[in-house]
Amino acid sequence: MRNFSSRLQTWYKDHRRPLPFRDTQDPYRTWIAEIILQQTRIAQGLPHYERFIKTFPKIQDLALTSEKEVLYLWQGLGYYSRARNLHKGARYIFYELGGKFPKTAQAWRRVCGVGPYTAAALASFLHREKVPTLDGNVFRVATRLFGIAEPIARSSTRRRIEGLLLDLMPDDDPGEFNQALMEFGSLHCSPRPKCVSCPFQTDCYAYLHQNTGSFPNKGIKKALKDRFFHYILIQQGDKILFRKRGQKDIWQGLYEPLLVEREKLCGWDELKSDLNPCLRKNKPSLISGSVRHVLTHQRLHIIFFHLSLDKTEDLNKMASDLEMSAFLPALIPLPIVLGRYLIREETGTYGRPKSSATAG
DNA sequence: AAATCGGGGCC
DNA sequence: GGCCCAGATTT
């Protein structure tokens with residue numbers, strides 16, 4: 001293909017969006033932005049990026065804080081392993097590398113949470129290393145352009161795309177090329193492409209075959225698994241009992257009220273058998289309808305029960321019996337769906353979850 | 001290679 | 001409802 005790079009740059013000059021993380025050469029800011037933007041739309045990640053830079057302006061600030069603070073700031077962004085890895089990565093760079101950021105893609109790969117894409121992005125943006133950034137946008141553009149029908153999940157397919165892109169990349173500014181290609185995939189060669197005004201019409205396999213819909217080949221995706229969560233809000237005054245979620249499931253490291261998971265939605269009487277005896281004498285003062293919350297591989301159905309303890313009862317003993325702790329919900333990292341229903345900052349009370357008309 | 005990990009915007 | 005997003009890690 002002739003002049004692909006220069007024609008892409010021509011397009012980019014007219015369509016480049018100025019973005020806060022794009023107009024800096026600060027490795028710390030670029031790194032934070034790339035982690036936040038993994039599998040996250042720019043519009044969604046931007047407010048969190050601004051908050052992160054404001055709260056932790058330098059690598060030292062991030063390295064010296066606690067994981068809980070990082071998770072709290074990450075609240076609502078999803079894929080929380082990114083937050084935990086970002087924190088580990090900050091400590092690695094600060095303590096092991098003396099606060100000096102890696103300069104090559106290979107060295108960046110040693111930082112927790114930095115995979116093939118992010119290493120390529122950082123090395124090419126910051127140090128002009130000639131290495132392609134293979135993200136969702138680039139896969140879409142490349143498979144259409146070259147007519148690559150093999151599944152993009154396959155490593156052989158990725159190696160092939162990487163080789164083809166290396167041949168198109170200019171030596172003088174690979175980082176600019178990478179950003180231009182991603183921007184082109186994002187704004188023009190989108191899932192529903194704007195082929196009528198595409199500068200690569202005469203080169204694109206998919207356009208010439210009127211076949212853009214079959215690229216990229218993303219394979220077959222699994223069906224969602226339904227899960228049924230029953231949360232029991234044990235409240236006294238402005239505090240609720242919470243427990244930190246463990247490993248090997250969703251929402252690692254985040255906090256939640258007492259949880260009973262079942263194969264289907266249950267009422268209070270059916271639930272009691274699984275409860276600590278200290279709770280059986282209470283009757284929930286509020287039962288909500290079910291809330292639906294969809295994740296990548298799971299559809300959660302959530303019901304909230306509300307136990308309001310009066311002042312004569314000992315919240316700390318109950319917490320101890322249940323291996324939980326009393327917190328103000330507004331001050332701990334919560335899964336967004338729980339925060340949405342537990343926190344009503346304007347009134348200082350805990351909101352009643354809305355019912356949803358689901359059949360379960 | 002396949003499974004797992006969030007949440008939101010758009011059609 | 002389905003699709004996809006400036007992917008990484010674990011199994």
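Every chain is numbered from 1, with letters handed out A, B, ... down the list of sequences.
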Original post:
A:T118 near the nucleic acid: base, sugar-phosphate alone, or nothing, with a heavy-atom cut-off under 4.0 Å?
Top reply: sugar-phosphate
**OP:** Begin from the C-alpha positions of A:I250 and A:Y80 and carry the test side chain to side chain contact (heavy atoms under 4.5 Å, CB included) through to its verdict.
**Re:** CA-CA 9 Å; A:I250 59 172; A:Y80 295 91; over 6 Å; no
**OP:** Give a yes or no on whether the backbone of A:F242 and the side-chain of A:E256 come within a donor-acceptor separation of less than 3.5 Å.
**Re:** no
Original post:
Just to confirm, is there a sub-4.0 Å distance from OP1 or OP2 of B:dG7 to any side-chain nitrogen or oxygen of A:H293?
Top reply: yes
Original post:
When you match A:G113 and A:L19 each to their closest nucleotide on DNA chain C, which lands nearer the 5' end?
Top reply: A:L19
Original post:
Choosing from C:dT11, C:dC5, C:dG1, which nucleotide comes nearest the side chain of A:K248?
Top reply: C:dT11
Original post:
Hey, what do you get for CD (A:E34) to CG (A:L126), rounding to the nearest 0.5 Å?
Top reply: 9.0 Å
Original post:
Between A:H209 and A:Y205, how do the two ring planes meet: parallel, tilted or perpendicular, split at 30° and 60°?
Top reply: parallel
**OP:** Give A:D249 one of three labels, base, sugar-phosphate or nothing, depending on what nucleic acid heavy atoms sit under 4.0 Å from its own.
**Re:** sugar-phosphate
Original post:
On a plain distance test, is the side chain of A:Y79 in donor-acceptor contact with the base of B:dG6 below 3.5 Å?
Top reply: yes
**OP:** Check whether the side chain of A:Q44 and the base of B:dG7 form a donor-acceptor pair under 3.5 Å.
**Re:** yes
Subject >> Pairwise 5' ranking along DNA chain B for A:R82 and A:A43, keeping only the more 5' one >> reply: A:R82
**OP:** With heavy atoms under 4.0 Å as the rule, sort A:T40 into base, sugar-phosphate or nothing.
**Re:** base
